[in-house]
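Everything below concerns the one structure shown next.
Here is how names work: the chains are called A, B, and so on, in the same order as the sequence lines, proteins then strands, and each is numbered from 1. Only heavy atoms go into these numbers, but all of them, side chains included; no hydrogens, no water, no symmetry mates.
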Amino acid sequence: MECIYNVDVEELCPVCGDNVSGYHYGLLTCESCKGFFKRTVQNNKRYTCAERQECKIDKTQRKRCPFCRFQKCLTVGMRLEAVRADRMRGGRNKFGPMYKRDRALKQQKKALNRESGLKMESMPPALSSTLTDCTLSSILPNLPDISSTKNILLNMPSSTTSTEYEQGLYTLPGCVSMSSYSPLPSQYPYQSVPCRIIKSEFPDHYASSSSPGSTGGYTYTDQTQTMSSPTPHTGLDLPALVLEFVRCEQDELLVQSKISTHLALLQENQSSSSIEPLSSFGLMCHIADQTLFFIVEWARSCSFFKELKVGDQMKLLHNCWSELLVLDYISRQVHHDEHDTILLITGQKVDLTSVLTQAGVTLGELVRGAQQLTQRLQELQLDCREITCFKYLILFNPDVKLLENQEYVGNVYHQVNGALLEYTLCVYPQHVDRFSQLLQHLRELRALSTQAEDYLSYKHLNGEVPCNKLLIEMLHAKRAYV
DNA sequence: ATAGCCTTGACT
DNA sequence: AGTCAAGGCTAT
């Protein structure tokens, strides 16, 4: 378990997760994505996606789909304007001061973390990289929804850089840190923000207004249309709802990187203070707390969820948080091929045997139960679209009592249920009872999560759960509505 | 086409 | 003189 402590503070490329080699075209990226971005813009390359324009980009797969890779470059905030039209070498461009501020900010953040020791709660919200100090009630009403995200972007002061923005300088009250993991919908790509500080250094190809009759290059608007429109061309006619769910999924790599950074800071605080090191269990609580934050973020981004009033949103989340946590854990194991290790959200592997020997009876049973369910789901070859449906079925639980809009929640549930049925019949026609098997496994997952919640409550009563506000809030809200 | 290494040159 | 993000070169 010690390996969890060795999370590197070093930043990862937001596009592919490789090691960064410096600031390139607006942000810290790796050497290969730098080169890829340069080639694409300089040579005005156009790519197409053979799949659904949702390819995962990581170090091993980045070569497979240049379309999605370039899309991701833009989404994370790489700047077309930083590619020079005249190909002049050397020297500095106008991004220099921005890089400098970004570096200073990172230093400041580190220093602040060291000062405040483990008491993250005392940190000014704007400097807190993740939401250790947030309660659900503070997150839900204050987080901007996608449409207001657009407004914030559009109204950003012109001196604002994307990096500063991501680091939370422009956060709203309620300790909200908007970051690059929040998927900006394709209608509002970052690059369309009109108030860019820097005039394009590549005006011929990329200035949207100055070249109405340009033949060779695509404009910003063109690009949005050609690069981001949903592909109608699919081999199978999958339920639209399922495709939409997949499109709204969070970027796992970014979540992984955020949580890893958080744990790394925690580790720094540990070593620089006299506070007793966290136990493995304590560390797991921190991971669970952080994961919860991203689960809430995901829920918030669902269009169905946004329709609900905050009161109902809280009831739904209070009801299902542990199921979503367990689903997150199990779906990670399902697609992890090594049977003797557990894959954490941080990307680290933990030896299963050492977990089982270290864990007490209850935790041991839980881990074993999860492994068994994992194995059954692996045999079924559960796919990521089914997992996404699971998340919605768990969140929109029609059995939650005292909802203001009970009927709506029930409606969503049944729609998702129908979409999942249609999906399984469409993709696995030879496997007729797949749908009912999936639902059976969902019930088993629910049972596991109840066990897990009970275990956590017991540990909390013993004072063994570290001060993770979100996790503890959830524990207190334990099934009050069912 | 990719990506690691090299050269360049404004800025400190 | 040193820094470091641009572009360039070239094996793979």
Please state how far atom [atom1] in [X] lies from atom [atom2] in [N], giving the value in whole angstrom units.
X       : N     : atom1 : atom2 : result
A/Arg84 : C/dA5 : CZ    : P     : 12 Å
A/Phe95 : C/dC4 : CZ    : P     : 18 Å
A/Phe37 : C/dG7 : CZ    : C1'   : 14 Å
A/Leu27 : C/dC4 : CG    : P     : 17 Å
A/His24 : C/dG8 : NE2   : P     : 16 Å

Base C/dG7 paired with A/Lys34 side chain (donor-acceptor, <3.5 Å):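 Indeed there is one.
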
Set of salt bridge (Lys or Arg N to Asp or Glu O under 4.0 Å) partners for [X], sequence neighbours left out:
X        : result
A/Lys56  : none
A/Glu422 : none
A/Lys59  : A/Asp18

Show me the protein contacts with nucleotides 1-3 of chain B, counting only N or O atoms at under 3.5 Å.
unit_1, atom_1, unit_2, atom_2, d
B/dT2, OP2, A/Arg39, NE, 3.4
B/dT2, OP2, A/Arg39, NH2, 3.1
B/dT2, O5', A/Arg39, NH2, 3.4
B/dA3, OP1, A/Arg62, NE, 2.8
B/dA3, OP1, A/Arg62, NH2, 3.3
B/dA3, OP2, A/Arg69, NH1, 3.0
B/dA3, OP2, A/Arg69, NH2, 3.1
B/dA3, N7, A/Arg39, NH1, 2.9

Sidechain-backbone polar pair: A/Ser354 side chain, A/Val350 backbone, donor-acceptor under 3.5 Å: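 Flag not set: sc A/Ser354 to bb A/Val350 has no pair under 3.5 Å.
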
Residues A/Lys94 and A/Glu81 bridged, charged N to O under 4.0 Å: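 No.
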
Would you list the protein and nucleotides 8-12 of chain B atom pairs, both N or O, that sit under 3.5 Å from each other?
unit_1, atom_1, unit_2, atom_2, d
B/dT8, O2, A/Gly90, N, 3.2
B/dG9, O4', A/Gly91, N, 3.2
B/dG9, N2, A/Arg92, NH2, 3.4
B/dG9, N3, A/Gly91, N, 3.0
B/dA10, O4', A/Arg92, N, 3.4

Distance-only donor-acceptor check, side chains A/Gln371 and A/Thr374, under 3.5 Å: no

Side-chain H-bond candidate by donor/acceptor type, A/Thr291 with A/Tyr329, under 3.5 Å: no

Those residues that, when tested against A/Cys65, pass side chain to side chain contact (heavy atoms under 4.5 Å, CB included) (two or more places apart):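 Per chain and number, A/Cys65 pairs via side chain to side chain contact (heavy atoms under 4.5 Å, CB included) with A/Cys49, A/Cys55, A/Phe67, A/Cys68.
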
Contact nearer the 5' end of DNA chain C, comparing A/Ser21 with A/Lys38: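 Its nucleotide being nearer the 5' end, the pick is A/Ser21.
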
OP1 or OP2 of C/dC4 under 4.0 Å from side-chain N/O of A/Tyr25: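 Checking A/Tyr25 against C/dC4: no side-chain N or O falls below 4.0 Å of OP1 or OP2.
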
Distance test, side-chain N/O of A/Gln42 to OP1/OP2 of C/dA6, below 4.0 Å: no

Heavy-atom side-chain contact between A/Arg62 and A/Phe36 under 4.5 Å: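 The answer is no, as the side chains (C-beta and beyond) never meet within the 4.5 Å cut-off.
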
